[in-house]
Amino acid sequence: MKDKIILTGDRPTGRLHIGHYVGSLKGRVELQNAMDYQDMFVFIADAQALTDNFDNPEKVRQNIIEVALDYLSVGLDPSKITIFIQSMIPELTELAFYYMNLVTVARLQRNPTVKTEIAMRGFSNEDQQAVFGSGLPVGFFTYPISQAADITAFKATTVPAGEDQKPMIEQTVEIVRKFNSIYGETLVEPEILLPANNACHRLPGIDGKAKMSKSLGNCIYLSESADTLAKKVMSMYTDPQHISINDPGHLEGNTVFTYLDAFCRQEHFGMFLPEYPNLDELKAHYQRGGLGDVKIKKFLGKILEQELAPIRERRKEFEKDIPEVYNMLRKGSEKAREVAAKTMDDVRKSMKINYFEDKQLIAEQAEKYRQQQ
Ligand code: TRP
């Protein structure tokens, strides 16, 4: 039974990087090609990006095409799935407004993702005592509600996303339950679909810092040239105690090994490093001492180049016809809007705000006033 409805999205704040790729994009393409779904939607979350970039609309605008090109270059295929732009679907904003009635301020304040993001963005500056200080824009504070609208508008059952999105899905499920219990069965509870490989949940940046992110300048982008890719891999953080080759090396926090866990497959040894049978043996040698950083970096570099070269090539092809990429987004947005409008009809009916469609209401009111005459 193909009853799954898959939906996920990305904020257009920069080009997508290999953290997005292992954590999400690769899995999406596999899902897309497995064709085991009723419908699949992938969208560019520009309205969400504006919640913390409202003063920089040009950045969001410029990155729509970048993200779309990244989507196409990894193999997302608009002939199989619907790719759209969030802000082109006004129903999403409409839904979010009604969901706001179902969520308390206290509940939003408990959302761990929102908490860390507020701190990261310095929104609490004006009132250092509290995370939710007076400098926090309401739009940003409430974006988990808007995300619940994104998901439920399409009756999504399955949301492929990273660990950091778990609190968003949990909050969405709560909104769905509350909505359905008050207004009657209308919305569908989604489930998060986490990436299979553990190392993929949170790929660190090349500097070994917490997470790969544009603002930290520690990304390897999907569209990286072969040259820059090689340079970035060579500059990666490894083990500061591994000074000479013969020193025992540590794997913990060693970015090169974290990336190998995420990207290395058995066949890569035969292709690029035949003197080792597998990753465990490579790790053991590194830990014993006698294996240099340059060797493991070169190995990783070859693996990444093999993975990224076809993506880079495909991107070049799509870059030749940019108007067609916008056209694809427009068509996707039209289709998405039809689906969201159907859900909005259901919601209006359940919430009893479908006045003009409600023949019974009009008849009753007419009858009431006729009797009074
Ligand atoms: N919050 C997600 C991110 O930052 C983007 C997003 C917006 C999303 N709406 C969504 C993801 C709905 C999955 C489902 O990456």
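Sequential numbering from 1 along the given sequence is applied to the chain's residues. Read the numbers this way: they start at 1 and go in the same order the structure lists the ligands and their atoms.
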Quiz item: Under a 4.0 Å heavy-atom limit, does Q165 contact ligand 1 with its side chain, its backbone, both, or neither?
Solution: side chain
Quiz item: Are Y276 and F269 close enough that their ring centers fall under 6.0 Å?
Solution: no
Quiz item: Among side-chain atoms of K211 and N218, is any donor-acceptor pair under 3.5 angstrom?
Solution: no
Exercise. Can you pull out the closest protein heavy atom to atom 8 (C) of ligand 1? Residue, atom name and distance to 0.1 Å, please.
Key: Q147 NE2, 3.4 Å
Self-check item: Identity of the nearest option to atom 9 (N) of ligand 1, non-hydrogen atoms only, from T113, D150, T8
Solution: D150
Quiz item: What do we get for A45 next to ligand 1 when only non-hydrogen atoms under 4.0 Å count, side chain, backbone, both or neither?
Solution: side chain
Self-check item: Proximal ligand 1 atoms for V159, defined as those under 4.0 Å from one of its heavy atoms
Solution: 13 (C), 14 (C)
Quiz item: Hey, are K4 and D36 close enough for a salt bridge, meaning a charged N less than 4.0 Å from a carboxylate O?
Solution: yes
Expected list for residues 277-284: side-chain donor-acceptor pairs under 3.5 angstrom, two or more places apart:
from	atom 1	to	atom 2	distance (Å)
N278	OD1	D280	N	3.2
N278	OD1	E281	N	2.9
K283	NZ	D261	OD1	2.8

Quiz item: Are there more than 12 heavy atoms of other residues, nucleotides or ligands under 6.0 Å from atom CD of E191?
Solution: no
Quiz item: Considering E117, Q48, H20, R11, which one's heavy-atom position lies nearest to atom 6 (C) of ligand 1?
Solution: Q48
